[in-house]
Structures are given as structure tokens and as C-alpha cells.
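To start, the structure itself, in C-alpha cells.
Quick note on labels: first sequence line is chain A, next is B, and so on, each numbered from 1. Worth saying up front: this structure is predicted, and the values here are computed from it rather than measured.
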2 protein chains.
Amino acid sequence: MENKRTDCEAINIDIVEKVRPKMPEMNLLYELSDFFKVMGDSTRIQLLWALEESEMCVGDLAVLLNMTKSAVSHQLKVLRVAKLVRAEKKGKNVYYSLNDHHVKLILEKALEHVCE
Amino acid sequence: MENKRTDCEAINIDIVEKVRPKMPEMNLLYELSDFFKVMGDSTRIQLLWALEESEMCVGDLAVLLNMTKSAVSHQLKVLRVAKLVRAEKKGKNVYYSLNDHHVKLILEKALEHVCE
DNA sequence: TTGACAATTGAACAGTTGTTCAATTATAAT
DNA sequence: ATTATAATTGAACAACTGTTCAATTGTCAA
């Protein structure tokens with residue numbers, strides 16, 4: 001289970017024990033940090049930002065971001081696995097679109113944060 | 001400036017050119033992704049979560065998270081550099097507290113996202 | 001069927017990240 | 001002054017990440 005360990009005693013054991021029950025479960029914690037990890041890449045933010053404006057296929061996104069199709073496709077896969085975008089095949093092309101309304105809100109809040 | 005490059009032509013050049021002016025500046029993009037990178041670690045989320053409940057010193061946080069003081073201190077430094085927490089020396093101890101009201105909101109939104 | 005194009009894939013690479021360990025700084029108590 | 005405790009620091013290490021490159025899949029048009 002827990003393989004880390006402290007190397008000290010608590011200074012204010014009362015505070016620690018008051019806070020402990022408020023801490024989130026490890027499971028939730030990993031889901032949260034995994035979500036932020038996905039957001040923590042400038043290429044993926046660009047992709048989400050672009051798809052907020054319009055659905056687009058891989059080639060268009062590659063031109064827009066000035067990257068190779070391969071690099072874009074790899075990152076779209078990350079976003080797809082994280083369920084932030086979805087893919088739809090139309091003829092020869094695969095069109096990507098946003099799959100989650102929370103993302104826009106979170107991006108806006110983060111924007112407020114970095115802009116202040 | 002730009003050292004990446006496409007390996008293809010746009011399929012829908014009209015869409016690409018319609019979206020292009022809406023794209024954020026590289027500068028802003030990096031600030032955004034840097035912020036999410038900081039949030040994208042379960043240890044740092046635990047620290048922020050704990051400090052939302054009460055300010056605490058390094059030793060208490062180490063006990064609470066069951067980690068070494070060193071590991072906690074390293075991560076607190078990351079949060080300090082990102083201006084998400086601030087440190088105040090009180091006698092023998094250094095007390096850390098939240099330094100940004102946006103963080104709580106963003107954590108809540110992210111929580112809504114991963115919980116649905 | 002053949003050829004061209006769109007997209008995906010996996011391996012490889014360099015660059016980055018988080019924890020550990022040992023050493024160090026700084027404060028408080030004796 | 002000396003000792004003990006709190007916290008920070010830097011180097012080292014393994015684990016992870018993002019892009020490139022080359023090869024592959026699947027679809028359309030001729």
C-alpha cells in the first residue's frame with residue numbers, strides 16, 4: 001500500500017489529525033493529477049484551444065500548429081484516451097472535436113490565474 | 001522562432017485560416033502549460049489540498065503525507081516558485097499557506113470533471 | 001488493381017521530473 | 001559554546017515525456 005515514510009515527528013499533531021480526514025483518497029488524487037498532466041503540455045492546449053473554435057482533421061491541425069501529422073496524431077491520442085476529444089471518420093479524413101464542456105471552463109479559470 | 005514544421009498541406013485551408021487568429025500567443029501558452037504542469041503531480045495536489053484546510057509547517061506536512069521532509073520541501077519549493085504557496089518563518093519552523101484563491105476554484109472544477 | 005493521400009503506430013532519442021541520500025544552514029535550548 | 005531540531009540544498013538515479021523517423025493501415029479516385 002504505502003511505501004513512502006516520514007523521517008520525522010509531527011510538530012503540531014493536533015493540526016495534522018484535524019486535516020487528515022479531509023484529505024482525498026489516493027484514487028481521486030491520481031485521477032486529478034492525471035488530468036492536470038494531460039493539460040500540462042503546450043501542444044495539447046493548442047489542440048484543445050483550436051478545437052474549441054471548430055472541429056478539424058489531423059492535417060489541418062498539423063498545418064495550424066506547424067507540426068508534423070505524426071506529432072499531432074500522437075497528442076490527439078493522449079487527449080482521446082483522456083476523453084477530452086473524440087474522433088469521427090468522414091471519408092478519407094478523421095475529424096476531431098471537443099468532448100468535454102469542463103475543459104473550456106478550466107482553461108478560462110487558469111487563464112485568469114496566469115494573467116493576473 | 002518557429003523550429004517545427006508541417007509535413008502536409010491543409011485540407012480545409014478556410015477553416016485553418018479562420019481559426020488561426022483566435023490562437024493564443026506562444027508566451028501565454030507556455031504560462032498556461034507551466035501552470036498545469038505544476039498541478040500535474042499528486043504530491044503537490046495533496047500539499048495544496050492540505051494547505052486549504054490549515055497552514056502547516058514542513059514537518060507536519062511530511063507526517064500527513066507520509067513522506068520525507070526533503071521530498072516535501074522540494075515540492076513546496078516548486079509551489080513557491082509558481083507563487084501558489086508562500087512561506088513564513090516562525091521561530092524554528094517554516095509555515096506554508098496558500099497564496100492564490102484561483103487554485104481552489106480550479107481544483108473544484110477539475111474535481112467535477114474527473115468525478116462525472 | 002493501382003497509386004496517392006490521410007492518419008496511425010512503434011521504436012528510438014534526448015530532455016525532463018520526482019525521490020532519495022548526504023551534507024549544510026539556521027534557529028532554539030541547555 | 002555546544003547540542004538538537006527544522007528545513008533547505010545539490011547531486012544522482014530511475015522513470016517518464018514529446019518529437020522524430022520509418023513503416024503501416026485504410027480509404028478514395030482513376
Over all atoms of both residues, closest heavy-atom pair of A:Trp49 and B:Met23
CD1-SD, 4.1 Å
For [N], does the base pair up with any side-chain atom of [X] as donor and acceptor (N or O, under 3.5 Å, distance only)?
X: A:His74; N: D:dT20; answer: yes
X: A:Ser73; N: C:dT9; answer: no
X: A:Thr68; N: D:dC21; answer: no

Once you round it to whole Å, what is the distance between [atom2] of [N] and [atom1] of [X]?
X: A:Met56; N: C:dA6; atom1: CE; atom2: P; answer: 16 Å
X: A:Asn12; N: D:dA6; atom1: CG; atom2: C1'; answer: 12 Å
X: B:Leu79; N: C:dT17; atom1: CG; atom2: P; answer: 14 Å
X: A:Asp7; N: D:dT9; atom1: CG; atom2: P; answer: 16 Å
X: B:Asn66; N: C:dT20; atom1: CG; atom2: P; answer: 10 Å
X: A:Met67; N: D:dG18; atom1: CE; atom2: C1'; answer: 8 Å
X: A:Tyr95; N: C:dT8; atom1: OH; atom2: C1'; answer: 17 Å
X: B:Leu61; N: D:dT8; atom1: CG; atom2: C1'; answer: 15 Å

Can you tell which of D:dT20, C:dG18, C:dA7 lies closest to the side chain of B:Gln75?
C:dG18
Side chain of B:Ser70 - closest among D:dG10, C:dT9, D:dA7:
D:dG10
Nearest-nucleotide check on DNA chain D, B:Tyr96 vs A:Ala71; residue mapping nearer the 5' end is B:Tyr96
Assert: residue with more 5' nearest nucleotide on DNA chain D, out of A:Asp41 and A:Ile11, is A:Ile11
Which part of the nucleic acid, if any, lies within reach of B:Cys57 when heavy atoms closer than 4.0 Å are counted: base, sugar-phosphate only, or nothing?
sugar-phosphate
Determine whether [X] and [Y] make a side-chain contact, defined as any pair of heavy atoms from C-beta on separated by less than 4.5 Å.
X: A:Met39; Y: A:Val103; answer: yes
X: B:Leu84; Y: B:Asn99; answer: no
X: A:Asp100; Y: A:Lys83; answer: no
X: B:Arg44; Y: B:Val38; answer: yes

Below 4.0 angstrom, which residues in residues 86-94 of chain B have at least one non-hydrogen atom near DNA chain D?
B:Lys92, B:Asn93, B:Val94
Quick one: is D:dT17 close enough that its OP1 or OP2 comes under 4.0 Å of any side-chain N or O from A:Arg44?
no
Phosphate OP1/OP2 of C:dT9: any A:Lys77 side-chain N/O under 4.0 Å:
yes
Out of A:Val78, A:Leu65, A:Leu64, which residue meets the side chain to side chain contact (heavy atoms under 4.5 Å, CB included) rule with A:Leu47?
A:Leu65
Does the plane of the ring in B:His102 sit parallel, tilted or perpendicular to the ring in A:His113? Use 30° and 60° as the thresholds.
perpendicular
Any salt bridge linking B:Lys90 with B:Glu55? Criterion: basic side-chain nitrogen under 4.0 Å from a carboxylate oxygen.
yes
